[in-house]
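Here is the structure we will look at.
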Amino acid sequence: MPELPEVQVLVQSLQQVLPGRTIKKVTVCREKSVRPDSATAFAKRLKGMRFHSIERRAKYLLFNLRSPLESFQVLGHLGMTGRMFLQPKTSERPKHTALWMELDRENFIFEDTRYFGRMSSNLDALDRLGPEPLSDDFELAGFREKLKCSRQAIKVRLLATDLVVGIGNIYASEALYRSRVHPQTPANKITAVQARRLHQAIRDTLGEAIELGSGLSLDWAGKESRDGLFYFGGQKGQETDQERFRVYGREGEACVRCGGLIRRLIQAARSTFYCPRCQKIR
DNA sequence: CACCATGTTCCTTG
DNA sequence: CCAAGGAACATGGT
């Protein structure tokens, strides 16, 4: 479900419903979904803790937990297919529930079909992250400097987490299209003008997606097979990916800017979508 | 059966 | 040694 905007919207939603609630019990259904902690130690450590607040860093959710005796953070990552939501205690848990927490009247569910996601009380993953794209730490000057250090195609660079965090396969194509930069441009060949446009396009693309997602009502019961949130459409009758994305998933369709045909190519074993007429190399 | 899929890490290749 | 490319993780949809 997630790239940065989807995680941000989820964090905002959880922040509305979790603070103040106590974890009565943690059940780990899939041991590998708690890494690198031992699942039993993780469950034991969380029992009795209370949610204080939830934050986001890159695509990680950070749960601030407190008790009269201690306070610590737990990290969550949704991988490709993770979802988190509250469910009435009487509801049937999803088939691919990775772990669940018993709260008061409801259960907190971490469901993850492909099990690439995880939860952990080990925060080491946060150490190696680049700047947040929507914060002041994401400076144009630094962005340009880092681009100079690699000949890798810009699309592939955007997916690494050292240049800037939070951009995934969908928004990489979208941001490049907006800034009219060809996805195969070597990073060190990006001009000053292109870098400025791309820097702005990254912020605009992610920011607008968060705004859109923040306005959708959520399906907290987790009944929708698609998603309780807004990735790939959210609720029926709402805006779907077909309206949200300008190039992603639109191979063969007409570019809304120039009418040319959107093309798909493979970079680092993943699809990239772009308009060959709008996005020229150099 | 084929191919595709929102993320990240690790191993191999050149 | 380094950068870049690709496989792996696991499950499902079309």
Side-chain angles (χ1 to χ4, degrees), chain A residues 1-11 29-36 56-61 75-84 94-99 110-120 122-130 133 146-176 183-189 202 205-206 209-210 212-213 224-234 240-242 244-252 264-273:
Chain A
M1 110 92 200
E3 288 189 31
L4 182 147
E6 290 79 8
V7 177
Q8 177 64 31
V9 171
L10 174 60
V11 164
C29 307
R30 191 87 170 201
E31 302 254 328
K32 285 184 179 173
S33 294
V34 178
R35 298 190 303 270
R56 179 191 59 74
R57 172 78 171 103
K59 296 169 190 166
Y60 292 96
L61 299 102
L75 143 172
H77 197 290
L78 300 172
M80 293 270 261
T81 55
R83 309 187 333 172
M84 293 180 182
K95 179 179 177 188
H96 296 293
T97 298
L99 74 78
F110 172 28
E111 183 233 339
D112 186 8
T113 306
R114 288 170 73 180
Y115 298 105
F116 290 176
R118 69 185 179 110
M119 291 196 81
S120 177
N122 180 313
L123 306 179
D124 291 355
L126 303 177
D127 295 343
R128 315 177 278 265
L129 296 173
K146 282 186 187 168
L147 286 177
K148 285 183 191 162
C149 303
S150 170
R151 281 160 299 213
Q152 214 170 19
I154 184 61
K155 156 67 167 20
V156 180
R157 278 309 283 129
L158 288 179
L159 296 180
T161 54
D162 56 319
L163 183 62
V164 58
V165 299
I167 303 175
N169 203 43
I170 293 177
Y171 294 106
S173 285
E174 294 295 312
L176 287 166
Q184 286 174 312
T185 312
N188 61 350
K189 300 286 198 225
I202 288 167
T205 304
L206 297 176
I210 291 170
L212 185 136
E224 293 289 328
S225 58
R226 281 295 218 169
D227 194 59
L229 299 165
F230 81 112
Y231 184 80
F232 273 134
T240 69
D241 55 307
Q242 284 306 300
R244 283 194 358 165
F245 305 132
R246 304 239 237 276
V247 287
Y248 185 84
R250 292 178 175 274
E251 182 181 22
R264 179 172 85 109
L265 63 88
I266 303 297
Q267 294 180 284
R270 328 208 41 159
S271 293
T272 302
F273 297 87

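Bear in mind the structure is a predicted one, so any value in this text is a computation, not a measurement. Just so we're on the same page: letters track the sequence lines, and every chain starts at 1.
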**Q.** salt bridge (Lys or Arg N to Asp or Glu O under 4.0 Å) contacts in which one or both residues fall within residues 163-174 of chain A, not counting sequence neighbours
**A.**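 Sorted result for residues 163-174 of chain A: empty, none.
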
(Q) For DNA chain C, please output the secondary structure as dot-bracket, reading 5' to 3'. Pairs are Watson-Crick or G-U wobble, both atom distances under 3.5 Å; mark crossing pairs with [ ], other-strand partners with |, unpaired with a dot. (A) .||||||||.||||

Please enumerate all residues that pass side-chain contact (heavy atoms from CB on, under 4.5 Å) together with [X], with sequence neighbours excluded.
| X | result |
| --- | --- |
| A:Thr113 | A:Thr81, A:His96, A:Glu111 |
| A:Asp124 | A:Asn122, A:Asp127 |
| A:Leu123 | A:Gln73, A:Leu75, A:Leu126 |
| A:Lys189 | A:Thr185, A:Pro186 |

Q: Output all residues satisfying ring-ring contact (aromatic ring centres under 6.0 Å, His included) with A:Phe116, sequence neighbours left out; order by chain, then residue number.
A: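 Partners of A:Phe116 under the ring-ring contact (aromatic ring centres under 6.0 Å, His included) test: none.
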
Q.
Any residue in residues 149-158 of chain A with a heavy atom nearer than 4.0 angstrom to DNA chain C? Just list them by number, or reply none.
A.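 Within residues 149-158 of chain A, the residues near DNA chain C are A:Ser150, A:Arg151, A:Gln152.
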
Between [atom2] on [N] and [atom1] on [X], what's the gap in Å once rounded to a whole number?
| X | N | atom1 | atom2 | value |
| --- | --- | --- | --- | --- |
| A:Asp162 | C:dA4 | CG | P | 11 Å |
| A:Leu159 | B:dT6 | CG | P | 10 Å |
| A:Leu78 | B:dG7 | CG | P | 11 Å |
| A:Arg56 | B:dG7 | CZ | P | 14 Å |
| A:Met80 | C:dT11 | CE | C1' | 11 Å |
| A:Arg57 | B:dG7 | CZ | P | 17 Å |
| A:Arg83 | B:dG7 | CZ | C1' | 18 Å |

Just the atom pairs and distances: protein N or O near nucleotides 7-10 of chain C's N or O, under 3.5 Å.
from	atom 1	to	atom 2	distance (Å)
C:dA10	OP1	A:Lys32	NZ	2.9
C:dA10	O4'	A:Arg114	O	3.2
C:dA10	O3'	A:Arg30	NH2	3.0
C:dA10	N1	A:Arg114	NE	3.1
C:dA10	N1	A:Arg114	NH2	2.6
C:dA10	N3	A:Arg114	NE	3.1

Show me the side-chain donor-acceptor pairs of residues 264-273 of chain A shorter than 3.5 Å, one per line, residues at least two apart or across chains.
from	atom 1	to	atom 2	distance (Å)
A:Arg264	NH1	A:Ser271	OG	2.5
A:Gln267	OE1	A:Thr272	OG1	2.7
A:Gln267	NE2	A:Pro183	O	3.2
A:Thr272	OG1	A:Lys155	NZ	2.9

Q: Indicate whether OP1 or OP2 belonging to C:dG12 is found under 4.0 Å from a side-chain N or O atom of A:Lys95.
A: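 The answer is yes; a side-chain N or O of A:Lys95 sits under 4.0 Å from OP1 or OP2.
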
Considering only the [atom1] atoms, how many Å lie between [N] and [M], rounded to the nearest integer?
| N | M | atom1 | answer |
| --- | --- | --- | --- |
| B:dC11 | C:dA10 | P | 15 Å |
| B:dC4 | C:dG6 | P | 14 Å |
| B:dT8 | C:dG12 | P | 22 Å |

Pairs under 3.5 angstrom, nitrogen or oxygen only, protein versus nucleotides 2-4 of chain B, please.
from	atom 1	to	atom 2	distance (Å)
B:dC4	OP1	A:Arg264	NH2	3.2

(Q) Output one letter per nucleotide in nucleotides 9-14 of chain B: B when a protein non-hydrogen atom lies under 4.0 Å from the base, S when only the sugar-phosphate is that close, - when neither is. (A) S-----

Q: May I ask you to test the A:Arg30-A:Phe110 pair for a side-chain heavy-atom distance under 4.5 Å?
A: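 The answer is no, as the side chains (C-beta and beyond) never meet within the 4.5 Å cut-off.
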
